[in-house]
Amino acid sequence: MASELIAAGLAERGEAEGLSKKEVKRLVNEEMPDRSREIAAAVADHVRARHPEFAGVEAANGYVNISFDAGAMATRLVGEILSRGADYGRGESRPERVMVEHSQLNTHKAAHIGHLRNICLGVSVTNLLAAAGYPTVPATYIGDIGRHVIQCLWCYERFHRGQEPSDILQRGRWLGEVYAEANRRLRFRKDALDLLKLLATEDPVFVTAIDRMLKKLVHRQADGEDVAYLLGRTIHAQEIKEDQLRQDDVIPRYWPIVGEQLRLEAEDLTPRVVEEGQPEPTTTPAERLARWEALAPDMDDWWGQVVGWEAEVKETFQRWERKEPAFVALWDETREWSMVELRRIFAELGAHFDHWFTESAVEEPGRAVVQDLLARGIAEVSDGLPVVKIDEKLGLEQETYRTLPILRSDGTTLYATKDLALTRQKYEDHGIDISIWVVDVRQSLYFDQVFKVLELAGFEKAAEAIHLGYEFVALPEGAISSRKGTAPIYEDIRDAVVGRARTIIEEKNPDLTGEARDRVAWQVGIGSLKYTMLARDITKVVVFDLDEALSFDGHAAPYIQYAHARASRILERAELSPDAILATAGDLAFTGLEPSELTLLQHLATYPDEIQRAAAEYRPLLITNYVYEVAKAFNDFYHACPVLQSGEPTRSARLALVAATRQTLANGLAILGIDAPEEM
RNA sequence: GCGCCCGUAGCUCAGUGGAUAGAGCGCUUGCCUCCGGAGUAAGAGGUCGCAGGUUCGAGUCCUGCCGGGCGUACCA
């Protein structure tokens, strides 16, 4: 508005004549700040004259600030919060039923820190949508079949039959360990060759020592051509391929020689200078030695067996495909061991589901979808397996959706086989309008593919499917790998966090004991864990650091819980029931409000809007920020304004404000799935 | 190569096109005879990756670069 007025003014005065557009604009910009202030002042005068109901109208720096009668607003707001209680912030009912699929845990595999982010997000997004007014249908999708299950059961039958712990509660976790071992066995050759490749690429000392090492290898009757091959590959920093080796045990013979060299390098403490043009090493000599050592004990025994094991796993897969009764029975039994554990984890974290989908249940429907796609020419067999060449089908020039394999060449099912069927089922069998998948962002291309294939097959609803992709959880030392068994297990982290909370309670609140102390330790520990998972945008990678998770100071759940506990304590000491406070809410006298009271009231007032916005954006983060702001505003108020010692009518008004704050904090925390303790 | 994401204080992160860019951690200095100190007051700390553009106004939107992460046909 100001710019138009200024431009008009310039033209009127003839000052813009003969000037270029740019020069006019410069003149306009120069006048801008002053003009804005003038206009703001004029608007303020105008409003003040005509609207006496506003408590104040002021022009400031080009803005018009309008203030209201805070006391009246406060009475109305606090009354509304107290009367609506747990429903304060809840939006008007909406017609669309929303399914939220999340917490896709696997049986036969341990739940780790990475899964925790998914569960926390899924639970809070579900709560958020419900609070915004949508009927929600939470669902989970359990990975109870697939390669990981087959590998686990192969390893169990082959090496551990009858060794399972007698405690049924421990068996799920134990199975996860068996799975990790299966991976170590099956990946053994690859892990060894990967290390040799790494040494060739980033360890110049190792490469210079290659002649000496290979001379030793020759002494151990190694095949001449293999030695030459190793030499060439190492010098040129290339991958060693096992099918290029003539003598199958040449690597086991070579291994001790490699180890001697790595030990020498690890013991040499003189700092190494990276030469110009050489890649920066990603590992230290000690780490490289550790990787060698991890493989060394099993080298002689395992190396020769890996090929046979792989064949056994394939056969195990076929036993599943044939539905061999003994094998299916074993699957069923072990599956239940894991399910016991999964149900407990869900209960601990407050994840409830209306539907439990399982991969095993959609294998056959998935096969039917594949047959249908093949029959209709949407899918084709390429390189021996059914795929959908999506870009080609859509006539896209640029690679976009690429190609989706929908069944393995040996006829076993893939994740895609099952998701194709499940996606249809969700809409067709469960009467939902909106469907959300809470899954790691690394699978976004995959979901685009699945949805697009269904669209190609004429299933139009697939176009509206929402993949809520969040960034993954990494560790300070790098990516999580459940295959290597390096991922921190959920239960260990939980125990650490709850244990720490308990220690702090014992130190800070020795009066709290017994069952109450244990309960609060749980609420604070788990709450803190959830908060760290949620208080980061889903577009950001979380680097999980246990020390940080164990820190309960500052911007963290306990800060908010503490504010809630403080508020609870004040109300308790006032010896007024919630009903009694509510009864007074109609005629509270908020007079002479302190700045901290105003700030607190303003925060409380925005809660319903925060819910709507957070729900529209699927962002629990906004609620974590919000409850923190409220807790902060409450603490300011707490320090600035005495409640119990104040005289009437301030005392009653402030008590009601404390009650309203407590309610709002509890409601916000509930959306995050975090408990609000009365004491801590 | 192509696609997606990230880049804001020493570190970890907020920031809805709008006023002087904010928190926490860490560091420095204060506050418990007072409703619970898991708290609180203050201080130091910023070329919002770089360069253009749109706009009265850009950390925010657009384009191009730079740096990092992830994905990219029989893993899930």
Side-chain angles (χ1 to χ4, degrees), chain A residues 1-4 6-7 25 28-29 31-33 35-36 60-63 65 104 106 109 143 146-148 359 382-389 398-410 412-419 439-446 448-449 469 471-472 474 479 482-483 501 504-505 507-509 524 532 535-543 545 548 551-563 565-567 569-574 609 613 617 621-622 624-625 628-629 632 635-636 638-646 654-655 658 679-680:
Chain A
M1 181 161 72
S3 66
E4 285 160 30
I6 295 166
K25 191 173 161 185
V28 168
N29 283 349
E31 279 194 41
M32 197 58 197
R35 242 353 227 143
S36 302
N61 213 6
Y63 288 78
N65 295 332
Q104 301 87 346
N106 296 311
K109 212 169 170 181
R147 179 157 279 168
H148 75 279
E359 291 191 34
S382 168
D383 291 344
L385 70 154
V387 301
V388 180
K389 296 187 174 172
Q398 202 190 348
E399 58 178 24
T400 307
Y401 297 102
R402 298 170 171 267
T403 296
L404 179 69
I406 54 177
L407 204 61
R408 285 201 190 92
S409 52
D410 63 2
T412 56
T413 63
L414 289 165
Y415 205 48
T417 319
K418 296 170 267 195
D419 254 327
V439 184
D440 190 329
V441 76
R442 287 176 290 193
Q443 292 178 42
S444 52
L445 172 60
Y446 165 77
D448 288 345
Q449 290 176 323
E471 279 290 353
F472 59 99
S482 65
R483 283 195 305 237
I504 294 177
I505 292 168
E507 176 195 321
K508 303 206 180 202
N509 191 1
V524 170
T532 51
R536 187 143 318 179
D537 232 321
I538 62 171
T539 56
K540 289 227 165 83
V541 175
V542 169
V543 177
D545 186 338
E548 265 174 49
S551 161
F552 296 157
D553 296 326
H555 192 170
Y559 178 89
I560 301 147
Q561 292 172 314
Y562 189 67
R566 262 182 171 168
R569 175 53 59 92
I570 292 174
L571 296 169
E572 186 190 317
R573 295 185 57 139
D609 289 344
R613 188 180 148 223
E617 297 177 18
L621 164 72
L622 299 181
T624 65
N625 288 345
Y628 178 69
E629 290 300 327
K632 208 179 178 51
N635 278 333
D636 281 349
Y638 177 87
H639 286 275
C641 304
V643 179
L644 298 175
Q645 286 101 327
S646 294
R654 285 186 178 164
L655 268 175
V658 170
E679 57 180 342
M680 59 189 276

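FYI, side chains are in, hydrogens and waters are out, and symmetry mates aren't considered; it's all heavy atoms of this structure. Proteins get letters first, then strands, A, B, ... in listed order; numbering begins at 1 in each.
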For A/Gln449 and B/C75, what is the distance between atoms CD and C1' respectively, to the nearest whole Å?
13 Å
For atom C1', what is the distance between B/U16 and B/C61, given to the nearest Å?
13 Å
NA contact type, A/Arg402, heavy-atom cut-off 4.0 Å: base, sugar-phosphate, or nothing?
base
C1'-based separation of B/G10 from B/G3 [nearest Å]:
35 Å
Does A/Arg147 have a side-chain nitrogen or oxygen under 4.0 Å from the phosphate oxygens OP1 or OP2 of B/C75?
yes
Whole angstroms only, please: what is the OH-P distance between A/Tyr401 and B/C2?
19 Å
A/Ala474: side-chain contact (heavy atoms from CB on, under 4.5 Å) partners, not counting sequence neighbours:
A/Phe472, A/Val541
Taking every heavy atom of A/Gly384 against every heavy atom of A/Ser409, the minimum-distance pair comes out as O-CB, 3.4 Å
Return a single string for nucleotides 4-14 of chain B, one symbol per nucleotide in 5' to 3' order, where B is base contact, S is sugar-phosphate-only contact and - is none, cutoff 4.0 angstrom on heavy atoms.
-SSS----SSS
So what does A/Gln443 hit on the nucleic acid, given a heavy-atom distance under 4.0 Å: a base, only sugar-phosphate, or nothing?
base
How would nucleotides 27-40 of chain B be written as a contact map, 5' to 3', with B for base contact, S for sugar-phosphate-only contact and - for no contact, using protein heavy atoms under 4.0 Å?
-------SBBSBSS
Residues that A/Arg536 engages under salt bridge (Lys or Arg N to Asp or Glu O under 4.0 Å), provided they are two or more places apart:
none
Who are the salt bridge (Lys or Arg N to Asp or Glu O under 4.0 Å) partners of A/Lys540, not counting sequence neighbours?
none
C1' atoms of B/G45 and B/U29, separation to the nearest Å
16 Å
Expressed in whole Å, how much space separates the P atoms belonging to B/U47 and B/G1?
31 Å
Interatomic distance at C1', B/G17 relative to B/C13, whole Å
22 Å
Just the rounded figure in Å: distance from C1' of B/U16 to CD of A/Glu617.
8 Å
When rounded to whole Å, the NZ to P distance for the pair A/Lys109 and B/A76 reads 9 Å
Does the base of B/C25 carry an N or O that pairs as donor and acceptor with the side chain of A/Ser551 under 3.5 Å?
no
Checking A/Arg402 now: which residues fulfil salt bridge (Lys or Arg N to Asp or Glu O under 4.0 Å) with it, not counting sequence neighbours?
A/Glu399
How far, in whole Å, is B/G43 from B/G53 if one measures between their P atoms?
38 Å
Under-3.5 Å donor-acceptor pair between A/Glu399 side chain and B/G3 base
no
Taking syn as any angle within 90 degrees of 0 and anti as the rest, which one fits B/C32?
syn
Give the minimum heavy-atom separation between A/Phe552 and A/Pro558, together with the two atoms involved.
CB-CG, 3.6 Å
Taking the nucleotide of RNA chain B with the closest heavy atom to each, which residue, A/Leu385 or A/Ala556, is nearer the 5' end?
A/Ala556
Euclidean distance, atom CG of residue A/Asp419 to atom P of B/A76 [Å, nearest integer]:
11 Å
May I have the distance from A/Tyr415 (atom OH) to B/A73 (atom P), rounded to whole angstrom?
18 Å
Which residues pass the side-chain contact (heavy atoms from CB on, under 4.5 Å) test with A/Leu621, not counting sequence neighbours?
A/Asp537, A/Arg619, A/Thr624, A/Asn625
Tell me the stems RNA chain B sits in, counting at least three consecutive Watson-Crick or G-U wobble pairs, each under 3.5 Å on both distances.
B:1-7 with B:66-72, B:10-13 with B:22-25, B:27-31 with B:39-43, B:49-53 with B:61-65
B/C27 and B/G36, which share atom name C1', separated by this distance in whole Å:
28 Å
A/Leu414 CG to B/C75 P, straight-line distance once rounded to whole Å
6 Å
State which residues pass side-chain contact (heavy atoms from CB on, under 4.5 Å) with A/Ala565; sequence neighbours excluded, sorted by chain then number.
A/Met680
On RNA chain B, compare the nucleotides closest to A/Thr403 and A/Phe472; which residue's is nearer the 5' end?
A/Phe472
So that I can tick it off, tell me whether A/Asp410 and A/Arg408 are bridged by a salt bridge, with the cut-off set at under 4.0 angstrom between side-chain N and carboxylate O.
no
Who passes side-chain hydrogen bond (donor to acceptor under 3.5 Å, both in side chains) against A/Arg569, sequence neighbours left out?
none
By the 4.0 Å heavy-atom rule, please label A/Tyr628 as base, sugar-phosphate, or nothing.
sugar-phosphate
Residues forming a salt bridge (Lys or Arg N to Asp or Glu O under 4.0 Å) with A/Arg147, sequence neighbours excluded
none
Any side-chain donor near an acceptor of the partner, A/Asn635 and A/Tyr559, under 3.5 Å
yes
Output for pair (A/Leu385 CG, A/Thr412 OG1), nearest 0.5 Å, gives 10.0 Å
Mind checking the C1' distance from B/U60 to B/G18? Whole angstroms is fine.
11 Å
Excluding sequence neighbours, so at least two apart, what forms side-chain contact (heavy atoms from CB on, under 4.5 Å) with A/Glu548?
A/Asp545
Using a heavy-atom cut-off of under 4.0 Å over every strand shown, decide if A/Glu359 touches base, sugar-phosphate, or nothing.
sugar-phosphate
